Amino acid sequence: MMCWMRRWARASSLAALLLAAACAQRAPRVATVQGPVANLEADVAAARATVNAFFAQEARQTTAADTLLAAGADFTMTGIRVTARPRLAGFNGPGEVAVEEASAAVAGEFAWVELSYRFAGRTPDLSERARATVILEKQRAGWRIRHVHSSMVERW
């Protein structure tokens, strides 16, 4: 956590201001601090792809999901810190996940993705609907998940 905070503190004051504003309000579809639009769109697409891949692998309960995490990544599920699987709200054993809607934004080396998803378990009674906010950090290997907060929503 301290490394993340130090790195964030080094970000430009404009990036910090945009990130704080995005946290205080609903995040826009795409936010930028600097750089060409093509790079921004590629970063947004790559961050979303990382989140989608993580959720799909986590739903199948594969350890491959861990390769998409930054060192020291943490999870909060319905307000409680979790360290063991299931790490995402609504995931009840192996199954499949479908992202219903998502928005993403990038500010420098950080991105965040807000999404609604449905988890389909082996039986209908194990299916759930939830929302999540995912914070990612751009690393040499690509976008890696730093923090996830997920919560259940009412059954459909």
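Bear in mind the structure is a predicted one, so any value in this text is a computation, not a measurement.
Annotation: ring-ring contact (aromatic ring centres under 6.0 Å, His included) contacts of F55 (sequence neighbours excluded): Y117.
Each of T133, V134, I135, L69 was scored for a side chain to side chain contact (heavy atoms under 4.5 Å, CB included) with H147, with one residue passing: I135. Only one option out of V51, L68, V44, V106 pairs with W143 in a side chain to side chain contact (heavy atoms under 4.5 Å, CB included); it is V106.
The side-chain heavy atoms of T76 and V148, taken from C-beta on, include no pair separated by under 4.5 Å.
G121 approaches S127 most closely through the heavy-atom pair N-OG, 3.5 Å. The two atoms that bring Q139 and A70 nearest to each other are NE2-CB, 3.5 Å, heavy atoms only. Between W112 and A107 the shortest heavy-atom distance is CZ3-CB, 4.0 Å. Taking all atoms of both residues into account, the shortest heavy-atom contact from R60 to P94 is O-CB, 4.5 Å. L88 and F54 make their closest contact through CD1-CE2, 3.9 Å (heavy atoms, listed as atom of the first residue, atom of the second, distance). Between R87 and S150, the shortest heavy-atom distance links the atoms O-OG, 4.2 Å.
Rounded to the nearest 0.5 Å, atoms OG1 (T78) and CD1 (I80) are 7.0 Å apart. To the nearest 0.5 Å, atom CZ of residue R144 and atom NZ of residue K138 are 12.0 Å apart.
Remark: R118 does not engage E128 in a salt bridge, criterion side-chain N to carboxylate O under 4.0 Å. Between R85 and D66 there is a salt bridge, with a side-chain nitrogen of the basic residue lying less than 4.0 Å from a carboxylate oxygen of the acidic one. Taking the charged nitrogens against the carboxylate oxygens, R81 and D74 have no contact shorter than 4.0 Å, which rules out a salt bridge. Under a 4.0 Å N-O distance rule, the pair E137/R146 qualifies as a salt bridge.
Side-chain atoms of S151 and R131 include no donor-acceptor pair closer than 3.5 Å.
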